[in-house]
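Comments concern the structure below.
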Amino acid sequence: MLYFDHNATTPLDERVLDAMAPYLGAFYGNPSSLYRMGRICRAAVEMAREQVAALVGVHPSGIVFTSGGTEANNLALKGLTFSREPGLIAAGATEHPSVSEPLEFLKARAWRTATIPVDRNGTADVSFFESLPIRDLRFATLMLANNETGVIQDIAPIASWCRGRGIVLHCDAVQAAGKIPIDFNAGGAHLMSLSGHKIYGPKGVGALIFDKSVELEPLLHGGGQEQGLRGGTENVAAIVGFGKAAELALSELETRRAHLLALRERLEAGLADVPGAILFAAAAERLPNTLQFGVAGYDGEALVMNLDRHGIAVSSGSACASGAGEPSPVLVAMGVEPEIAKSAIRASFGKSNTEAEVDRFLEVLKTLVGTPTSESQGSKSLMSVI
Ligand SMILES: Cc1ncc(COP(=O)(O)O)c(C=O)c1O
């Protein structure tokens, strides 16, 4: 299978599996136990904490391990509300459901939201913040990179606006981590979510990075683990795997980034010969591995299924939204017409993909959507950009 769906999930790196193995076998201790095996497991968890901290340039004590990106987002958003009077939350228009759904939950409980609009390229409008009633604004949330389009938001000016007014900013960096450099402190957000399975680590583990100045309440009360912010016996093997994946992501960041960008650019160039291809968020700064496009007149989900018959795995939008038959809310928020949005396909490359695989993808795509007519072949490019 040609796997181009790394924003949905990544395969487990073999080196990660090797690091995890002892903690799925011989070292089964509880990291809270005082005897030797417990201490070995504790040391493994703490080493992983250092590895994840290094990926985003923070002190290890600013990391809470969670069951994944979804829990990290829920912990941030709900955890901020428990000790605050209900008020206004500013939230990006293209957030992942693990942010937008907790916000819906909060809206049913006296909280209100203000949507930070995006332009046609999916870039958030920073000036929108000036229109917000500061006294009512409790906190803000904006993703670092979008899971569908790969659009990267410039968080620093928003964070500095928020910090200047004592407003907490949460940032979902699940898709950005391991693909672009992240410096938590320079970025300026107070809270940041990460996930293990998007960086060749295991599923079911993630982290919330937190600034100690922020008042945050846990979702899970229990044995006081994770500095009291996430009760429950730690999933040691998964945490160890996440740590190893983070270490590799940091040490290989530049080589991975260059490789992924070359693949993305190859696909982008090839799409110019695909009749009716429309590249989304073309002018925005995007993740090196992600390319979302539509093919006018075609249904994205049908194309995904046809590509699957040829052994090619891509997504018709975000993994969570696919199957719903609705146009992608991300593209709709960008002002893309619903009919065009319904034709969307997302290719997200990974470190093992090759140029030959991209060429094969283009070859199959062209057979599925027809080849250019001699008349259109004469034109410079058949691809429009949105
Ligand atoms: C931007 C973004 N945030 C959060 C998540 C949720 O992460 P997890 O699958 O670890 O719960 C995802 C997963 O697709 C994502 O793309």
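One-based numbering, in listed order, for ligands and for the atoms of each.
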Contact with ligand 1 for Gly206, non-hydrogen, under 4.0 angstrom: no
Atoms in ligand 1 flagged as close to Asn147, the criterion being non-hydrogen separation under 4.0 Å: 1 (C), 16 (O)
Are side-chain heavy atoms of His259 and Thr354 found at a separation under 4.5 Å? no
Ring center gap for Phe4 and Phe361 short of 6.0 angstrom: yes
Part of Val99 with heavy atoms under 4.0 Å of ligand 1, whether side chain, backbone, both or neither: neither
Give yes or no for whether the N/O distance cutoff of 3.5 Å, strictly under, is met between Gly68 and ligand 1. no
Met305 atom CE: more than 12 heavy-atom contacts under 6.0 Å: no
Report, in ascending order of atom number, the atoms of ligand 1 lying under 4.0 Å from any heavy atom of Asn73. 3 (N), 4 (C)
So is Arg109 actually on top of Phe105's ring, under 6.0 Å and inside 45° of the axis? yes
Check against salt bridge (Lys or Arg N to Asp or Glu O under 4.0 Å), Glu252 and Arg15: CA-CA 13 Å; Glu252 297 174 2; Arg15 295 166 293 179; 2.7 Å; yes
Less than 3.5 Å between some nitrogen or oxygen of Asp172 and one of ligand 1, yes or no? yes
Does at least one non-hydrogen atom of Lys198 fall below 4.0 angstrom from an atom of ligand 1? yes
Going by atom types only, do His170 and Ser193 share a side-chain donor-acceptor pair under 3.5 Å? yes
Atoms of ligand 1 close to Met143 [distance to a heavy atom under 4.0 angstrom, numbered from 1]: 1 (C)
Taking atom types as modelled, find out whether Asn289 and Asn353 have a side-chain donor-acceptor pair closer than 3.5 angstrom. no
Are a donor atom and an acceptor atom from the side chains of Ser127 and Asp125 found within less than 3.5 Å of each other? yes
Using a 4.0 Å heavy-atom cut-off, say whether Thr70 meets ligand 1 through its side chain, its backbone, both or neither. both
So, Asn7 versus Thr290: side-chain donor-acceptor pair below 3.5 Å or not? yes
If you measure every N or O of Glu71 against every N or O of ligand 1, does any of those distances drop under 3.5 Å? no
Backbone or side chain, does any N or O of Asn7 fall under 3.5 Å from an N or O of ligand 1? no
If you count the atoms of ligand 1 from 1 in the order shown, which ones are under 4.0 Å from a heavy atom of His197? 8 (P), 9 (O), 10 (O)
Residue Gln175 vicinity, atoms of ligand 1 by number, heavy atom under 4.0 Å: 1 (C), 15 (C), 16 (O)
Numbering as shown, the atoms of ligand 1 that approach Ser195 to under 4.0 Å (heavy-atom distance): 8 (P), 10 (O)
